[in-house]
Amino acid sequence: MPELPEVETYKTYIDSTALHQRITAMECGDKRLLKQPQSDFETHLIGQEFKATQRIGKYLFIETTGEKVLVLHFGMTGRPHYYKTEESRPKYAHIVLTFENGFHFGFENKRKFGWWNLTSSIAEFKVEHKLSDDARNLKLDDFKNALEGRKTDIKKILMDQSVAAGVGNWMADEILYQAQMHPTKKVNDMTTEAIERVFEAMKKVIEVAIENDAHYADFPDHFLMHFRKEGATCFHTGAKIEKIKVGGRTTYFSPEWQKL
DNA sequence: CGTTATGTTTCACT
DNA sequence: CAGTGAAACATAAC
């Protein structure tokens, strides 16, 4: 389920479990998850330690004591899992590192859309992958600049990783619900006030989600995540939530509440 | 069996 | 260049 808040919880999890331990082995059950030959990862990881982590959007960077930075992307179904015994090995841990202390760092990825890579420079990686600043730290002026000249649906813009890195499908729906903005509103038709409203909603959704460890059940009652399904009841209007496609992605919204 | 799923990349068009 | 829609990638769950 990894969008920005989920990956932030993964970061915290890794920071509190897997840092500062010598890596002794690597295994990978499906090489398609590796963007480089496994031997490259082994060369740069074995004998090294995780030193610190950084997150930009949905990408997690793990700095090591070696010269390369490990880059993780979780795809649609991924999470890290730190465990000790083989019995507790997660079923879909397709990539596993073993530490000197006997624990393992498993990369769970049921659908195999996630991957690992190595980079020499996080800054370079960010440019190559056209990532904006992380949505959590993004400045209003940069957001406005990124919208300049764009004419498409606000939802597509929000999910554009070069505009606000980290916003994915559920967050875009939640942000637009909070901002009372219709998902297919064209950005060139939006007033400055409306753009600022969406920006503020984005910030709020991010902080609320992180505060609650991306645990949707703990989100405030007026958050769309509680009724983000077709035919469910909108908290504010009591009307039915509708399902449409925007930019090829399933989109849930409340027609009366979210104005075009 | 068919549909759907929280992501990214690529490609053929307009 | 901006934008679109579709396809591809893999697989489990409903």
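Each chain gets a letter, A, B and so on, in the order its sequence line appears, and its residues count up from 1.
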Under the rule syn = chi within 90° of 0, otherwise anti, which is C:dA10?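 Syn for C:dA10; the angle stays within 90° of 0.
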
Length of the line joining [X]:[atom1] and [N]:[atom2], which is rounded to integer Å:
X: A:Tyr10; N: B:dG7; atom1: OH; atom2: P; value: 11 Å
X: A:Leu60; N: B:dG7; atom1: CG; atom2: P; value: 16 Å
X: A:Asp160; N: B:dT8; atom1: CG; atom2: C1'; value: 12 Å
X: A:Asn169; N: B:dT4; atom1: CG; atom2: C1'; value: 12 Å
X: A:His129; N: B:dG7; atom1: NE2; atom2: P; value: 17 Å
X: A:Glu230; N: B:dA5; atom1: CD; atom2: P; value: 10 Å
X: A:Asn109; N: B:dT8; atom1: CG; atom2: C1'; value: 13 Å

Going 5' to 3' on DNA chain C, which nucleotide is the first and which the last to come under 4.0 Å of a heavy atom in chain A?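 That gives a stretch of C:dG3 to C:dA12.
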
Would you say the side-chain atoms of A:Arg136 pair up with the backbone N or O of A:Leu138, donor to acceptor, closer than 3.5 Å?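 A pair under 3.5 Å: no.
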
Only one of A:Gln180, A:Met190, A:Gln178 clears side chain to side chain contact (heavy atoms under 4.5 Å, CB included) with A:Val198; which?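 Among A:Gln180, A:Met190, A:Gln178, the one meeting side chain to side chain contact (heavy atoms under 4.5 Å, CB included) with A:Val198 is A:Met190.
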
Is any side-chain nitrogen or oxygen of A:Tyr252 closer than 4.0 Å to OP1 or OP2 of B:dA5?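 A:Tyr252 to B:dA5 OP1/OP2: side-chain N or O found under 4.0 Å.
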
OP1, OP2 of B:dG7 versus side-chain N and O of A:His73: anything below 4.0 Å?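 No.
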
Side chains of [X] and [Y]: closer than 4.5 Å at any heavy-atom pair?
X: A:Ile23; Y: A:Phe105; value: no
X: A:Thr77; Y: A:Phe113; value: no
X: A:Glu108; Y: A:Arg79; value: yes

With A:Lys259 via side chain to side chain donor-acceptor pair (under 3.5 Å) - residues at least two apart: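 A:Lys259 satisfies side chain to side chain donor-acceptor pair (under 3.5 Å) with no other residue.
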
Starting from the 5' end of DNA chain B, give me the residue, A:Lys243 or A:Arg249, whose nearest nucleotide shows up first.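 Whichever sits nearer the 5' end wins; that is A:Lys243.
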
Select base, sugar-phosphate, or nothing to describe what A:Gly168 touches, counting heavy atoms under 4.0 Å on all strands.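 Here A:Gly168 touches the backbone only, sparing every base.
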
Answer with base, sugar-phosphate or nothing: what part of the nucleic acid does A:Phe74 contact at a heavy-atom distance below 4.0 Å?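 No contact.
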
Which value, in whole Å, describes the distance between the P atoms of nucleotides C:dA6 and B:dT3?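 Their P atoms lie roughly 15 Å apart.
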
Which residues, if any, of residues 137-147 of chain A bring a heavy atom under 4.0 Å of DNA chain B?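 Residues of residues 137-147 of chain A under 4.0 Å from DNA chain B: none.
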
A:Tyr82: partners by ring-ring contact (aromatic ring centres under 6.0 Å, His included), with sequence neighbours left out: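 Partners of A:Tyr82 under the ring-ring contact (aromatic ring centres under 6.0 Å, His included) test: A:Phe103.
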
Taking ring-ring contact (aromatic ring centres under 6.0 Å, His included) as the definition, give me every residue that meets it alongside A:Phe223, ordered by chain and number, with sequence neighbours left out.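 Testing A:Phe223 for ring-ring contact (aromatic ring centres under 6.0 Å, His included), a comparison that skips the adjacent residues, returns A:Phe219.
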
Short N/O separations, protein against nucleotides 10-12 of chain B, under 3.5 angstrom:
none

Mind checking which stems touch DNA chain C? I mean at least 3 consecutive Watson-Crick or G-U pairs, both distances under 3.5 Å.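 As far as DNA chain C goes, consecutive pairing (with distances under 3.5 Å) yields the stems B:2-5 with C:11-14, B:7-14 with C:2-9.
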
Enumerate, atom names and distances included, each donor-acceptor pair closer than 3.5 Å involving a side-chain atom of residues 245-253 of chain A, sequence neighbours excluded.
unit_1: A:Thr251; atom_1: OG1; unit_2: A:Lys155; atom_2: NZ; d: 2.8
unit_1: A:Thr251; atom_1: OG1; unit_2: A:Arg249; atom_2: O; d: 3.1

What I want to find out is whether A:Lys58 reaches A:Glu6 closely enough, with some N-O distance under 4.0 Å, to be called a salt bridge.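 Salt bridge: no.
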
Run the salt bridge (Lys or Arg N to Asp or Glu O under 4.0 Å) test against A:Lys110 and tell me which residues pass, sequence neighbours left out.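 Result, salt bridge (Lys or Arg N to Asp or Glu O under 4.0 Å) vs A:Lys110: none returned.
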
Partners meeting salt bridge (Lys or Arg N to Asp or Glu O under 4.0 Å) with A:Arg228 (sequence neighbours left out):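 A:Arg228: salt bridge (Lys or Arg N to Asp or Glu O under 4.0 Å) contacts with A:Asp173.
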
Any ring pair (Phe, Tyr, Trp, His ring centres under 6.0 Å) involving residues 17-48 of chain A? Give me the pairs, sequence neighbours left out, ordered by first then second residue.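 Qualifying pairs, neighbours excluded: none.
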
What pairs of donor and acceptor atoms, side-chain ones from residues 83-98 of chain A against any protein atom, are under 3.5 angstrom apart with sequence neighbours left out?
unit_1: A:Thr85; atom_1: OG1; unit_2: A:Ser88; atom_2: N; d: 3.3
unit_1: A:Thr85; atom_1: OG1; unit_2: A:Ser88; atom_2: OG; d: 2.9
unit_1: A:Ser88; atom_1: OG; unit_2: A:Thr85; atom_2: N; d: 3.3
unit_1: A:Ser88; atom_1: OG; unit_2: A:Thr85; atom_2: O; d: 2.8
unit_1: A:Arg89; atom_1: NH1; unit_2: A:Glu27; atom_2: OE1; d: 3.4
unit_1: A:Arg89; atom_1: NH2; unit_2: A:Ala93; atom_2: O; d: 3.2
unit_1: A:His94; atom_1: NE2; unit_2: A:Asn109; atom_2: O; d: 3.1
unit_1: A:Thr98; atom_1: OG1; unit_2: A:His104; atom_2: ND1; d: 2.9

